[in-house]
Asks: 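Before I ask anything, here is the structure I am working with.
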Amino acid sequence: MQVPAAFQYERAKTVDEAIALLERLGPEARLLAGGHSLLPMMKLRLAQPEALVDVNDVAELGGVRLEGNEVRIGAMARHAELLASAVVAEHFRILADAERVIADPIVRNRGTIGGSLCQADPSEDLSAAFAALKATVVIRGPEGERQVPVREFHVGPYQTVVGPAEIVTEVRVPIRPGCGSAYEKVERRVGDWPVTAVGAAIWMEGGSITDAGLGLTAVGAEHFSSPRAEDLLKGKIPTDELIDEAGKAASEDCNPTSDQRGPADYKRHLAGELTRRALRRAISATRGQEA
Amino acid sequence: MQITLTVNGEQITRDVEPRLLLVHFVRDHLGLTGTHWGCDTSNCGTCVLWLDGTPVKSCTVLAVMADGRSVRTVEGLERDGELDPVQQGFFEEHGLQCGFCTPGMMMTARHLLDHNPDPSEAEIREAISGQICRCTGYENIVKAIRWAAEHSGAAEEEVGA
């Protein structure tokens, strides 16, 4: 029987209350969102926070909505909510693709978008999807609010720029015309962490690529992205040769390690192949989306 | 700390340690042992119950997180001594052998049918994909849930007869 170490439990009703509690309880306190990463770690005693601040009652952190030219995803939006969102399905296929292969439907009922990002697991799917989309993370703390590009959000495995009394409130994804996106993942069995996964977002105008985002996960890619492959794509007319080259660049632009999910060279091969597949789907999805 | 919640329609107040998991709370503190405790790692799904109307894996939820909320367990499926069509379906279609996964499967099935009364086989398999059965090969579980879909409403008299 796995039992977490003892801790103090507090519940916040607002973001300000959560921040005040974190300030009062000190750096050994943690936020409790869906709990589907934190509680398993606590049960294994890999994490032993002295206090938990439950933010499940903080209504202002929920929801997925369209605001101006952005899709705004509340930190407490559940995976199931993102998967079911019509706004997301319309604009960012990559997120629906990724959600469909994150854990299982029951876990998706509980796990949250903010929790997934803050856990900062190096194999996390949404980190790659948001990196491809060049999303922005909104963080609030005692000093006020700041916005951080998602590619500057992770500073290492299980580490983010979120400070001790800070809380991620929202992820914002800009809507730009001519966008197509897709997510491709290889997993050992349904609901597992990826062996390798790649997300692609492509923006087209007049038949050529104006901007490209490539998110890679589980292969040690810096900031979950491949700038080399992105630079190759920008300003070009998409061809099979270009897609091949981008796949090759992505496979060289990461640093996979061998583990129980597969040897490093296999993961590198997957990074290339999944980049090609995601790019093909993303490019074909841009048809009819141009301004 | 003291928590007050509704369990299968009944309001309950108990004193619990914050680290107590919801699965152990319903089993050991409330004696509702219909909810099973399996892998302890949110993989197997035998501990699935409803929290505020949504199926969750209760080995990965703290009891204190349920404070002020409502919980429905497998014991809350039957109504006035009559089996829920999902329970009847598992009986009719031999949806279980050892029965260990059954409570979680039934709670997920009820939720699926409440939101999608006529699910396809693929939709049923997707809904239960976070739950493991080592006996049936899932075939009869899928049939049981289809049985419940076909016998909901009108079938309730039939079940009672």
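Protein chains get the first letters and strands the later ones, always in sequence-line order, with residue 1 at the start of each.
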Asks: Using heavy-atom distances under 4.5 Å, tell me whether Met65(B) contacts chain A through its side chain, its backbone, both, or neither.
Replies: both
Asks: Check each atom of Ala80(A) against the heavy atoms of chain B and say whether the ones under 4.5 Å are side chain, backbone, both or neither.
Replies: neither
Asks: Salt bridge check: are Arg280(A) and Glu184(A) linked by an N-O gap of less than 4.0 Å?
Replies: no
Asks: Below 4.0 angstrom, N of the basic side chain to O of the carboxylate: do Lys143(B) and Glu139(B) qualify?
Replies: no
Asks: Taking every heavy-atom pair that is under 4.5 Å apart, which of Ala6(A), Gly191(A), Gly35(A), Pro40(A) has the most such pairs with chain B?
Replies: Ala6(A)
Asks: Would you call the rings of Trp147(B) and His151(B) parallel, tilted or perpendicular, taking 30° and 60° as the class edges?
Replies: parallel
Asks: Tell me, for Asn56(A) versus chain B, whether the close heavy atoms (under 4.5 Å) come from the side chain, the backbone, both or neither.
Replies: both
Asks: So for Leu52(A), is it side chain, backbone, both, or neither that comes closer than 4.5 Å to the heavy atoms of chain B?
Replies: side chain
Asks: Checking heavy atoms, do the side chain of Val64(B), its backbone, both or neither come under 4.5 Å from chain A?
Replies: both
Asks: If we ignore hydrogens and angles and just use 3.5 Å, is the side chain of Asp40(B) paired with the main-chain N or O of Gln2(A) as donor and acceptor?
Replies: yes
Asks: Check whether Leu62(B) gets within reach of chain A through its side chain, its backbone, both or neither, counting any heavy atom under 4.5 Å.
Replies: both
Asks: Do Lys185(A) and Asp192(A) sit within salt-bridge range, that is, some charged N less than 4.0 Å from a carboxylate O?
Replies: no
Asks: Using the rule salt bridge (Lys or Arg N to Asp or Glu O under 4.0 Å), only one of Glu60(A), Glu170(A), Glu166(A) pairs with Arg140(A); which is it?
Replies: Glu60(A)
Asks: Measure Glu126(B) against the heavy atoms of chain A and call it side chain, backbone, both or neither at under 4.5 Å.
Replies: both
Asks: Pick from Met1(A), Arg110(A), Gln8(A): which one has the most heavy-atom pairs with chain B under 4.5 Å?
Replies: Met1(A)
Asks: Between Arg30(A) and Asp54(A), does any side-chain N to carboxylate O distance fall below 4.0 Å?
Replies: no
Asks: With a 4.5 angstrom heavy-atom cut-off, could you sort out which part of Leu32(A) is near chain B: side chain, backbone, both or neither?
Replies: side chain
Asks: Please state whether the rings of His111(B) and Trp50(B) are parallel, tilted or perpendicular, taking 30° and 60° as the class boundaries.
Replies: perpendicular
Asks: Select one option (side chain, backbone, both, neither) describing which atoms of Met42(A) are under 4.5 Å from chain B's heavy atoms.
Replies: neither
